[in-house]
Each structure stands twice: as C-alpha cells, then as structure tokens.
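First up is the structure itself, then whatever we jot down about it.
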Protein chains: 2
Amino acid sequence: MVESVAQPRPESRGERKERTRRAILDAALHLCENSSLVALSLRQVAKEVGIVPTAFYRHFESIEALGLALVDESFVSLRAMLRDIRRGDPSYADIVDRSVETLVEHVHRQRSHFLFIARERAAGPLSVREAIRREIELCEHELATDLARLTGTGSWSAEDLRVLSNLIVTAMVATAEQIMAAPDRPGAEKQIVENARTQLRMVLVGALNWHSRT
Amino acid sequence: MVESVAQPRPESRGERKERTRRAILDAALHLCENSSLVALSLRQVAKEVGIVPTAFYRHFESIEALGLALVDESFVSLRAMLRDIRRGDPSYADIVDRSVETLVEHVHRQRSHFLFIARERAAGPLSVREAIRREIELCEHELATDLARLTGTGSWSAEDLRVLSNLIVTAMVATAEQIMAAPDRPGAEKQIVENARTQLRMVLVGALNWHSRT
DNA sequence: TGTTTGAGTGTACGGATGTTCACCGACGTT
DNA sequence: AACGTCGGTGAACATCCGTACACTCAAACA
C-alpha cells in the first residue's frame with residue numbers, strides 16, 4: 001500500500017534551480033508593487049524567497065539583471081494579449097469593444113506584470129527603461145502592420161500609420177494604468193473602460209477622415 | 001570707500017531658511033533624475049545640500065513630504081505652460097503648432113520638474129502619486145472647459161469633452177516623456193515634435209467629425 | 001539689556017545593505 | 001565507489017540608513 005501514495009518524483013537539479021529562479025522573480029514582482037526596482041534590495045528578495053542573500057547571485061548577477069528578466073517575462077504576457085486581440089475576424093465593427101475587453105481581462109489576469117512595466121517604464125534603471133521602450137516600439141510596429149492590412153493600401157502613408165499606432169498604444173497604456181490605479185469601487189472601472197472605448201472610436205473617426213500628405 | 005562695495009545686506013532669519021529649503025528641493029530634484037523618490041535617502045540630500053542629516057527635519061518631516069512639496073512646485077511650472085498655451089487667439093488654425101511648440105519649450109526649460117512628474121506619477125510613494133493624479137485631472141478639466149468654449153454648445157456632451165481632454169492630455173504627457181528620453185541626436189526631437197503635431201491633428205479631425213450620442 | 005527662538009551641529013545607536021570568502025552536501029557523472 | 005559540479009549556507013566586512021539627543025550661537029524679541 002505504501003507505493004500507492006503520491007510519489008513526488010524527486011526533482012532534478014535543473015528543476016530545483018528553475019523553481020528557485022521562479023520564486024525570485026515572483027518575490028521581486030511582489031515586492032516591487034508598491035515601490036520600484038531601484039528601491040528593491042537583494043536582501044529583501046532573498047528573505048522573501050527564503051534563501052540566504054548570497055544565493056541570489058547563483059541566479060542573477062544584480063537586481064538590474066533581474067529586472068531585465070522581468071521585462072522579458074512581462075512582455076510574454078503582453079504579447080499573449082495582443083495575439084488574443086488579433087485573433088478573430090479583424091474587420092468587424094466591434095473591433096474596438098473586443099480589443100478593450102481583452103485588454104481589461106489581461107490586465108487583471110497579469111496585474112503584477114502590467115504594474116511592473118508601467119512603473120519601470122518611467123522609473124527603472126536605464127537599461128530596463130530602454131528594454132521596455134524597445135518592446136513597446138515593437139508593439140507599435142506590429143499594430144501599424146495590422147492597421148495597414150485593415151486599411152488596404154489606401155490614402156495612408158507608412159509614416160502616418162506609425163504615428164497613429166503610437167497614439168493608440170499610448171492611449172491603451174494609459175487605460176491600463178488607470179485600471180490598475182482604480183479604487184475597488186466597481187463603478188470606477190466601468191467608467192474607465194467606457195472612456196477607453198470612446199477614445200478609440202474618436203481616434204478611429206479621425207483615422208477614417210484622414211488623408212496623408214503625399 | 002569701503003561702503004561703496006556691494007553690501008550683501010545681511011539675510012534675515014526667514015530668508016536664510018528659505019534659501020536652505022530651496023537648496024533641499026533642488027538637490028532632491030537633481031538626485032532623483034536617474035532614480036526615484038522611493039530610492040532617495042535623506043542623507044544623500046543632506047550631503048548634496050551641505051548640511052548635517054538631522055538639519056533636514058527643520059524643513060521637511062520626511063522624504064515623502066518633500067515629494068509633495070515638489071509636486072506643488074512642479075505643477076506651478078506646468079500651469080505656467082498651460083497659461084502660455086491658452087494665451088493668444090484660441091480659435092486660430094495653428095493652435096496645434098503653437099501648443100506643441102509651447103510644450104517643447106517648457107519641457108526644456110523646466111526639464112527637472114517634468115522629469116520628476118513623469119517618474120513619480122508611476123513610481124512615487126502613494127500620496128505623491130495621488131497628488132499628481134489629482135493635478136493632472138485638474139488640467140484635463142480645464143482643457144475640457146477650453147474645448148467647450150471653442151466648440152460652442154455644439155454636438156458635444158460634457159462627458160465626451162472630458163474623454164477627449166483625457167486623450168489629448170495623455171498624448172501630450174507621452175510626448176513630453178519622449179522628448180525627455182530622446183537622445184541628443186538633433187533629428188530625434190524634430191521627429192517626435194512632428195509626430196505630436198500629427199497626432200493632435202488626427203484627434204482634431206476625429207473631434208470635428210464626432211457626434212455625441214444624446 | 002537680557003532672554004527666547006530656532007536653524008544648524010556632532011555624536012551615537014541599532015539595523016539594513018552589497019559583497020567577500022570558505023564551506024557544505026546532494027546530485028550527476030565517470 | 002569515487003569524484004566533480006554547483007545551489008545553498010553562514011560568518012564577516014565596511015558602508016549606508018533613519019533617528020534620538022544634547023549642543024551652539026546668532027538673529028529676533030522683550
């Protein structure tokens with residue numbers, strides 16, 4: 001009967017290491033929520049994880065390197081969101097509603113990641129800020145490509161598409177920030193979401209009546 | 001002949017205190033530029049100013065209180081900018097160009113203040129973040145009032161005016177952030193400014209073709 | 001005139017921080 | 001069975017941190 005109990009299969013060396021690494025990432029994400037990477041100490045992270053401070057170096061050479069790893073990880077979440085938004089018929093008129101809805105859902109599901117990006121984008125170490133900016137620019141570029149497909153090869157210059165993408169991404173980032181900062185009062189978020197929809201529609205109305213200067 | 005030399009009029013007690021206070025604010029602003037309030041120590045500030053750490057308490061009860069003072073001060077700069085933008089005939093067609101131009105000028109002239117707001121807006125202590133958000137909302141409200149005057153009592157609901165203001169302010173904040181993060185390569189800023197103009201025009205085209213749902 | 005006030009000083013403390021070093025001991029390999 | 005690898009340990013360090021306390025001494029005031 002003894003062998004019928006759940007056998008926790010002894011972890012391999014690599015598995016153990018990966019588990020600790022994850023714990024460090026999670027701890028950092030959690031400890032950052034009310035401050036910033038630049039105010040996060042190696043010892044706090046170690047204590048939260050339950051390891052001795054020096055063990056931290058077995059996984060990252062500095063807090064800044066940890067930050068870069070968190071950027072990579074966070075943008076995996078963000079790209080998953082973009083894939084979700086892109087999925088489905090992109091030419092439908094309810095594209096605005098669906099996009100905003102998807103944004104809200106992902107912000108809630110990956111709150112820590114979005115919080116991290118929103119904070120460190122402005123306040124992180126230089127290398128982290130640069131990494132985030134680069135990733136966001138990538139998102140804008142992808143959005144521009146999508147928009148090009150949507151509008152066909154109409155009266156839009158590539159340049160204007162990029163500018164429009166930048167505007168939309170900026171507005172969506174701001175919406176995400178508002179949602180995360182919103183008090184728990186249920187009405188507040190409803191309002192933010194409704195505003196985001198209206199803004200996207202306004203921008204779309206502008207886009208439809210826009211003519212790029214040739 | 002002695003009395004002909006510049007007589008530095010012995011500072012009064014209050015003047016001396018104010019001078020030290022200013023020095024503290026400036027030092028904090030300067031030390032924050034590459035990190036954040038939450039990573040700023042009382043001792044760093046004191047050392048930079050040239051006073052002993054405990055003397056700090058004669059002026060502020062904590063770094064957080066210092067931060068709130070900096071928010072007030074920074075928004076004096078920002079409101080000065082808004083006044084500049086509003087000045088002059090508001091109905092002219094070059095309102096976009098003039099607004100962006102004024103923004104750029106003020107961002108350069110009060111770089112530290114704008115940097116401070118952009119950073120602490122996302123990463124500062126809770127009370128600082130709240131103070132900044134409140135001030136920005138005030139700006140949005142003022143803009144909405146201006147827009148109402150511009151459009152007359154046309155097809156715009158008060159609600160939509162607020163949403164439009166929010167979008168415009170968000171885009172301008174993002175532009176300010178881009179300018180401050182821009183490399184010194186001269187072309188980069190030109191590009192950002194041009195993009196900002198285009199975005200404002202796009203939004204305006206959207207606004208002109210917008211009809212609020214009654 | 002003498003007295004009070006208050007910005008700035010100097011010392012001292014308990015605790016947190018990053019980093020070093022030598023060490024352990026279980027896993028994986030030979 | 002013997003050995004090397006490597007994630008984690010524990011003590012030690014120099015330095016920074018916020019804050020308490022007793023102090024000076026010139027301006028402000030009576």
Side-chain angles (χ1 to χ4, degrees), chain A residues 7-70 120 123-128, chain B residues 7-28 30-70 123-128:
Chain A
Q7 298 217 354
R9 182 169 65 88
E11 282 175 315
S12 83
R13 198 109 124 169
E15 286 170 334
R16 261 200 95 78
K17 174 157 189 181
E18 181 53 31
R19 205 161 58 95
T20 306
R21 193 187 132 99
R22 267 252 53 82
I24 291 177
L25 291 168
D26 290 341
L29 225 37
H30 176 247
L31 290 172
C32 265
E33 285 201 12
N34 284 308
S35 105
S36 160
L37 259 190
V38 293
L40 185 64
S41 80
L42 184 155
R43 285 180 115 102
Q44 284 175 50
V45 177
K47 182 178 288 183
E48 176 94 356
V49 173
I51 58 176
V52 96
T54 46
F56 176 90
Y57 293 111
R58 301 290 183 194
H59 301 271
F60 302 98
E61 71 169 1
S62 65
I63 289 284
E64 188 166 331
L66 205 191
L68 291 175
L70 283 175
E120 306 311 325
L126 179 58
S127 65
V128 171
Chain B
Q7 297 218 355
R9 190 178 49 96
E11 282 175 315
S12 84
R13 199 108 127 169
E15 286 169 333
R16 260 202 95 78
K17 173 157 189 181
E18 180 53 30
R19 206 161 57 95
T20 306
R21 193 186 132 99
R22 266 252 54 80
I24 291 177
L25 291 167
D26 290 341
H30 176 248
L31 290 171
C32 264
E33 286 201 12
N34 284 307
S35 107
S36 159
L37 259 190
V38 293
L40 184 64
S41 79
L42 185 154
R43 285 179 114 103
Q44 285 174 51
V45 178
K47 181 179 288 185
E48 176 94 357
V49 173
I51 57 176
V52 98
T54 45
F56 176 91
Y57 292 113
R58 300 288 182 196
H59 302 270
F60 302 98
E61 73 169 1
S62 66
I63 289 284
E64 187 166 333
L66 205 191
L68 292 175
L70 283 175
L126 180 58
S127 65
V128 172

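Note that the coordinates shown come from a computational prediction; the quantities given were computed from them, not determined experimentally. The chains referred to below are lettered A, B, ... by the order of the sequence lines, with proteins before strands, and numbering in each begins at 1.
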Problem set entry | Atom-to-atom span, CD of B:Glu61 to C1' of D:dT19 - whole angstrom | 14 Å

For this session: Write down the distance between CZ (B:Phe56) and P (D:dT19), rounded to a whole number of angstrom.
Result: 10 Å

Exercise. Only one of B:Val45, B:Leu70, B:Thr20 forms a side-chain contact (heavy atoms from CB on, under 4.5 Å) with B:Leu25, so which one is it?
Worked result: B:Leu70

Problem set entry | Gap between atoms CG and P, on A:Leu40 and D:dC17 respectively (whole Å) | 17 Å

Seminar exercise, completed: In short, B:Val49 meets B:Ala23 closest at the heavy-atom pair CG2-O, 3.6 Å

For this session: Walk me through it: do B:Ile51 and B:Ile24 pass the test side-chain contact (heavy atoms from CB on, under 4.5 Å)?
Result: CA-CA 9 Å; B:Ile51 57 176; B:Ile24 291 177; 4.2 Å; yes

Exercise. When you measure from the side chain of A:Glu120 to the backbone N and O of A:Leu37, does any donor-acceptor pair fall under 3.5 Å?
Worked result: yes

Exercise. Hey, does the side chain of B:Ser36 reach the backbone of B:Ala39 with a donor-acceptor pair shorter than 3.5 angstrom?
Worked result: no

Problem set entry | Gap between atoms CZ and C1', on B:Arg43 and C:dT17 respectively (whole Å) | 14 Å

For this session: For D:dC16, take OP1 and OP2 only and decide whether either is under 4.0 Å from a side-chain N or O of B:Gln44.
Result: no

Exercise. Rounding to a whole Å, what distance do you find between B:Tyr57:OH and D:dA20:P?
Worked result: 7 Å

Exercise. Starting at CD of B:Glu15 and ending at C1' of D:dA28, how long is that distance when rounded to a whole Å?
Worked result: 14 Å

Exercise. Starting at the 5' end of DNA chain C, which residue's closest nucleotide do you reach first, A:Lys47 or A:Ser62?
Worked result: A:Lys47

Exercise. How does each nucleotide of nucleotides 3-10 of chain D score, in 5' to 3' order, for protein heavy atoms under 4.0 Å: base (B), sugar-phosphate only (S), or none (-)?
Worked result: --BBBBBB

Exercise. When the distance from CD1 of A:Ile63 to P of C:dA16 is rounded to whole Å, what number comes out?
Worked result: 17 Å

Problem set entry | Test item: A:Asn34 and B:Leu126 side chains (from C-beta on) under 4.5 Å apart, heavy atoms | no

For this session: Nearest whole angstrom, please: distance from the P of C:dA16 to the CD of A:Glu48.
Result: 15 Å

